[in-house]
Amino acid sequence: MSKTHDIRPGQSVELLKALHILTRDGKMNQDSRRKLKQVYHLFQFIEPLMQEAKTEQGRVTLVDHGAGKSYLGFILYDLFVKDLKDASHIYGIETRPELVQTSEALAQRLGFGGMSFLNLSVADSITSDKLPATVDIVTALHACNTATDDAIRFALEKQARSIVVVPCCQAEVAAVLRKNKARALADPLAEIWRHPLHTREFGSQITNVLRCLQLEAHGYQVSVTELVGWEHSMKNELIIAQYKNTPRRKPAERLTEMLDRIGLQELKDRFFLPAAPAATPTAA
């Protein structure tokens, strides 16, 4: 076991033990260190977004989709929200009821009153009356396949100021590419995804490219970076979008052209575009 010098000042040791990042005697193994490094690294990207919302409106509302055991939500609350003493709130959305119940019990035990956990799919959360009409930040860490797209749709519906996603297990686009491969091969560019391995890899890559164009077409400024080094995780692409009311026509045109050119027309509803210029996202 390793020492705990990686833990940030002010971090709740009780929380880290409850999340099994620390052992009962306060030690940390290599797997736990890797997990904590990922969450802390993501916190570095999210903290400025939370601070911006807090500065502008005096509180912050964040929704974490596919929360699992809510590592991210608990760390964000512990390091940022718990000392604010305001109406800030973090919601964890998770489909497995046992994880929701465990997270609820832990939040109650720690006195984290500004946390809620909902047993909902990402898609169902869009219309749920248990969530506010608008939110500040939406996160989705390793939300599989189309759950990332549902999280993006949720964020757009909720007029989120910021969106932070780490996509995972993206199979939908690759399946459509395979289905339409014979027709697409008339275009020399289809050689990029002709072989099955390339179909899978290109499908994953193009999925994130289309997501970025979609966000830009809704007025967001998008940046793409690595979450952590490849030695820690192969699901490593971090997409950060901040609403800046940027020009939308060109990314919307590019998105449509790409869907048409590579045979993904049937996914236009998935990567939907705004029907008209949207209002500026408002505070939650």
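Shown here are the ring pair (Phe, Tyr, Trp, His ring centres under 6.0 Å) partners of Phe272, two or more places apart in sequence or in another chain: His218. A search for salt bridge (Lys or Arg N to Asp or Glu O under 4.0 Å) contacts involving Lys179 returns Glu266, not counting sequence neighbours. In this structure, Ser12 has no side chain to side chain donor-acceptor pair (under 3.5 Å) partners at least two apart in sequence or on a different chain. Under the rule for a salt bridge (Lys or Arg N to Asp or Glu O under 4.0 Å), Asp64 has no partner lying at least two apart in sequence or in another chain. Annotation: side chain to side chain donor-acceptor pair (under 3.5 Å) contacts of Glu257 (sequence neighbours excluded): none.
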Subject >> Verdict with reasoning, Lys250 to Glu253, per salt bridge (charged side-chain N to carboxylate O under 4.0 Å, His left out) >> reply: CA-CA 5 Å; Lys250 185 174 181 179; Glu253 290 174 348; over 6 Å; no
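Here Leu49 contributes atom CG and Asp136 contributes atom CG; the two are 10.0 Å apart, rounded to the nearest 0.5 Å. A distance of 10.0 Å separates CD1 of Ile93 from OG1 of Thr139, quoted to the nearest 0.5 Å. Here Thr246 contributes atom OG1 and Arg248 contributes atom CZ; the two are 7.0 Å apart, rounded to the nearest 0.5 Å. Thr148 contributes atom OG1, which lies 11.5 Å from atom CD of Glu172 (distance to the nearest 0.5 angstrom). Taking CE of Met28 as the reference point, atom CG of Leu22 lies at 5.0 Å (rounded to 0.5 Å). Atom CG of residue Leu79 and atom CE of residue Met50 lie 9.5 Å apart, to the nearest 0.5 angstrom.
Clustering of Ile, Leu, Val, Met, Phe, Trp and Tyr by side-chain heavy atoms under 4.5 Å joins Leu259 with Val173, Val176, Leu177, Leu189, Ile192, Trp193, Phe202, Ile206, Val209, Leu210, Leu213, Leu255, Met258, Ile262, Leu264, Leu267, Phe271, Leu273.
The heavy-atom pair separating Cys212 from Val224 by the smallest distance is SG-CG2, 3.6 Å. For the pair Ser103 and Ser70, the tightest heavy-atom approach, listed with the atom from each and the gap, is OG-OG, 3.6 Å.
Looking at Asn180, its side chain does come within 3.5 Å of a backbone N or O of Gly263 through a donor-acceptor pair. With hydrogens and angles ignored, the 3.5 Å screen pairs a side-chain donor or acceptor of Tyr71 with a backbone N or O of Leu19. Side-chain atoms of Tyr40 come within 3.5 Å of backbone atoms of Arg8 as a donor-acceptor pair (strictly under, hydrogens ignored).
For residues 103-116, the pairs satisfying salt bridge (Lys or Arg N to Asp or Glu O under 4.0 Å) are Glu14-Arg109, with sequence neighbours left out. For residues 196-214, the set of pairs meeting the salt bridge (Lys or Arg N to Asp or Glu O under 4.0 Å) definition, not counting sequence neighbours, comprises Asp149-Arg211. Applying the salt bridge (Lys or Arg N to Asp or Glu O under 4.0 Å) definition to pairs two or more places apart or across chains, none involves residues 212-221. Note on residues 144-175: pairs passing ring-ring contact (aromatic ring centres under 6.0 Å, His included), not counting sequence neighbours, are His65-Phe154. The salt bridge (Lys or Arg N to Asp or Glu O under 4.0 Å) contacts involving residues 112-126 comprise nothing, where partners must be two or more places apart or lie in separate chains.
Shown here is Gln221, whose CD atom has no more than 12 heavy atoms of other residues, nucleotides or ligands within 6.0 Å. Around the CZ atom of Arg153, the shell of radius 6.0 Å holds more than 12 heavy atoms that belong to other residues, nucleotides or ligands. Atom CD of Gln11 sits in a crowded spot, with more than 12 heavy atoms from other residues, nucleotides or ligands closer than 6.0 Å. When the shell of 6.0 Å around CD of Gln108 is examined, it contains 12 or fewer heavy atoms from other residues, nucleotides or ligands.
A ring-centre distance under 6.0 Å is found for Phe74 and Phe117.
Between His195 and His198, the ring planes are perpendicular. Angles over 60° get that label, and only those under 30° would be called parallel.
Taking a cutoff of 4.0 Å between a charged side-chain nitrogen and a carboxylate oxygen, Asp260 and Lys268 qualify as a salt bridge. Checked for salt-bridge contact, Arg96 and Glu98 miss the test: no charged N lies under 4.0 Å from a carboxylate O.
Hydrophobic clustering (side-chain heavy atoms under 4.5 Å, transitive across Ile, Leu, Val, Met, Phe, Trp, Tyr) groups Leu62 together with Val100.
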Name the atoms and distances for all side-chain donor-acceptor pairs under 3.5 Å in residues 80-87, with sequence neighbours left out.
unit_1 : atom_1 : unit_2 : atom_2 : d
Lys82  : NZ     : Gly10  : O      : 3.3
Lys82  : NZ     : Asp78  : OD1    : 2.5
Asp86  : OD1    : Ser88  : N      : 2.9
Asp86  : OD1    : Ser88  : OG     : 2.8
Asp86  : OD2    : Lys54  : NZ     : 2.5
Asp86  : OD2    : Ser88  : OG     : 3.4

